[in-house]
2 protein chains.
Amino acid sequence: MIKVAVVDDHEMVRKGIISYLVTEPEIDVVGEAKSGNEAIKLVLETRPEVVLMDLLMEDGNGIEATREILQHEPNCKIIIITSFYDDEQVFPAIEAGAFSYMLKTATADEVVRAIRKAVVGEPIIEPKVANRMMNRLRKQEKKPHHDLTERELEVLMCIGEGMNNQEISTELFIGIKTVKTHVSNILSKLDVADRTQAAVYANRNGVIKK
Amino acid sequence: MIKVAVVDDHEMVRKGIISYLVTEPEIDVVGEAKSGNEAIKLVLETRPEVVLMDLLMEDGNGIEATREILQHEPNCKIIIITSFYDDEQVFPAIEAGAFSYMLKTATADEVVRAIRKAVVGEPIIEPKVANRMMNRLRKQEKKPHHDLTERELEVLMCIGEGMNNQEISTELFIGIKTVKTHVSNILSKLDVADRTQAAVYANRNGVIKK
DNA sequence: TTTTTTCTCCGTCTCGAGACGGAGGAACTT
DNA sequence: AAGTTCCTCCGTCTCGAGACGGAGAAAAAA
């Protein structure tokens with residue numbers, strides 16, 4: 001019997017997944033959780049071999065929970081099942097140690113197959129996600145603003161908020177000349193012509209948080 | 001018996017919802033669909049009183065499907081059940097004629113209650129969504145850029161792309177002086193200090209499409 | 001018809017933006 | 001000990017941005 005835990009903040013999704021799994025003779029659903037923190041407790045108590053984990057949850061997200069769980073149970077296979085496949089979600093999850101990555105569009109069979117594969121050490125990666133990973137490894141990883149220094153990044157964030165040099169100077173407690181130096185360096189590193197384009201860049205490439 | 005149809009591209013979500021509903025004696029699940037187009041066919045065939053509808057789907061989204069269904073079956077109550085409650089999704093759905101709006105975080109009881117309320121003509125609106133609606137009706141509706149003229153909006157879009165005055169002049173086939181006039185008017189109408197802030201505004205307030 | 005709005009364009013003027021070159025000090029690497 | 005990177009700041013110079021005022025033409029509204 002494969003012990004499986006289901007983590008998702010949507011009750012209907014949990015019930016949906018479980019309603020498959022109970023019909024599978026080799027799979028034993030040992031518990032369900034509706035948040036990252038609940039998931040951690042659940043895993044420590046029931047010690048499942050496989051965890052089906054949603055990423056977006058209210059109280060402690062799936063990425064933190066994944067990290068936490070693997071610290072205590074390194075052999076636990078965590079399968080991410082989520083609605084999204086955007087860069088901001090996928091890669092932190094993989095880095096946190098998620099074993100497989102699936103989308104909620106997956107069918108019952110696919111989920112069951114992923115669980116069986118997981119226990120024998122074989123990961124399943126959603127094709128669309130796999131594509132993103134390839135792109136990331138090719139060129140995406142070297143996003144222009146990755147070779148900005150810490151300070152330049154701060155200045156870029158200010159530019160992205162629409163501040164002028166004087167305001168940035170006050171905000172960061174540095175001279176306006178210094179700000180100009182940073183701005184010039186930023187413009188050449190990002191290969192843009194002026195601060196307006198830098199602001200657009202900042203707002204479109206996740207330099208500005210949230 | 002209340003005839004209900006379930007529309008969602010995630011099989012696990014459909015099964016999850018249905019697994020509730022079958023335990024309710026007064027509710028009869030007459031069918032399920034995994035896309036907007038399937039949903040339209042399904043409704044025309046089975047004529048349910050209530051449709052549980054996801055918004056984000058591959059083939060024909062929930063908003064279009066809602067519009068289409070209500071054209072043929074004006075008395076059909078469509079309950080949106082989705083993961084998101086952002087402006088871009090909620091308001092088109094309401095405009096399309098959706099009867100209730102719930103989130104997937106809803107519990108089994110809430111869904112069943114929403115269905116019962118729907119058949120007696122009482123809508124259920126998720127509190128978080130209701131808040132957004134209130135905000136929209138208060139100030140959000142009158143977003144500053146709504147009193148920009150057609151031409152000014154075009155110029156603002158160019159600014160939002162990071163163009164300078166010369167480039168905008170070429171792009172729109174007008175003199176650079178004219179561009180300056182438009183820019184000045186835009187800045188005062190949006191109440192921002194310079195084009196950089198205007199660019200940030202454009203990128204954060206949906207002036208730039210997609 | 002008169003008025004208002006919108007788009008177009010002009011000149012002038014001020015000021016911030018940005019390029020360019022130089023430089024000192026702190027921290028980390030080799 | 002020497003080199004590299006980063007942050008800091010200086011002065012100079014050019015140019016585009018934006019404010020301000022004015023104005024003509026066309027179209028829509030009164």
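Because only heavy atoms are used, hydrogens play no part in the values below, and waters and symmetry mates are left out as well, while side chains stay in. Just so it is clear: chains get the letters A, B, ... in the order the sequence lines come, proteins before strands, and each one is counted from 1.
- Of the residues listed (A/I80, A/L21, A/V7, A/D8), the one engaging A/L52 in a side-chain contact (heavy atoms from CB on, under 4.5 Å) is A/L21, and it is the only one.
- Electrostatic pairing of A/R113 and A/E110 does not count as a salt bridge here, judged by no charged N lying under 4.0 Å from a carboxylate O.
- Backbone-only engagement by A/E150 is indicated by non-hydrogen atom pairs under 4.0 Å involving sugar-phosphate atoms exclusively.
- As a whole-Å value, the separation of A/L156 CG from D/dC7 C1' is 17 Å.
- Put simply, CD1 on A/I174 is 12 Å from P on D/dC10, counting in whole angstrom units.
- Within a 6.0 Å radius of NZ in A/K34, other residues, nucleotides and ligands contribute 12 heavy atoms or fewer.
- For the pair A/E152 CD and D/dT8 P, the interatomic distance rounds to 10 Å; values are reported in whole Å.
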Generate the contact string for nucleotides 16-30 of chain C. Rules: B means base contact, S means sugar-phosphate contact only, - means no protein heavy atom under 4.0 Å.
-BBS-----------
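- B/V179 pairs in a side-chain contact (heavy atoms from CB on, under 4.5 Å) with only one of the listed residues (B/N164, B/N165, B/L172, B/I159), which is B/N165.
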Produce the list of close N/O pairs, under 3.5 Å, pairing protein atoms with atoms of nucleotides 24-28 of chain D; give distances to one decimal.
none

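- Residue A/T178 has no polar side-chain atom (N or O) positioned under 4.0 Å from OP1 or OP2 of D/dC7.
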Before giving the answer on side chain to side chain contact (heavy atoms under 4.5 Å, CB included), spell out for B/R151 and B/I174 the whole-Å C-alpha distance, their side-chain angles and the decisive distance to 0.1 Å.
CA-CA 11 Å; B/R151 202 55 161 169; B/I174 57 181; 3.3 Å; yes
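- Taking a cutoff of 4.0 Å between a charged side-chain nitrogen and a carboxylate oxygen, A/E32 and A/K15 qualify as a salt bridge.
- For the pair B/E11 (side chain) and A/A108 (backbone), a donor-acceptor distance under 3.5 Å is present.
- One N or O on the side chain of B/Q197 and one on the backbone of A/G162 form a donor-acceptor pair closer than 3.5 Å.
- Environment of NZ in B/K3: crowded, with over 12 heavy atoms of neighbouring residues, nucleotides or ligands closer than 6.0 Å.
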Please report the C-alpha distance between B/D54 and B/V13 in whole Å, then the side-chain angles of each, then the deciding distance to 0.1 Å, and finally whether the side chain to side chain contact (heavy atoms under 4.5 Å, CB included) criterion is met.
CA-CA 10 Å; B/D54 190 18; B/V13 173; over 6 Å; no
Let's go through B/E161 and A/R204 carefully: what are the C-alpha distance in whole Å and the side-chain angles of both, what is the deciding distance for salt bridge (charged side-chain N to carboxylate O under 4.0 Å, His left out) to 0.1 Å, and is it a yes or a no?
CA-CA 11 Å; B/E161 296 293 343; A/R204 292 185 181 176; 3.3 Å; yes
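- The bend of the helix from C/dT1-D/dA30 to C/dT30-D/dA1, defined by the angle between the axes of its first five and last five pairs, stands at 50° to the nearest 10°.
- The nearest heavy atom of DNA chain D to A/H182 and to A/K177 marks one nucleotide each, and the one closer to the 5' end goes with A/H182.
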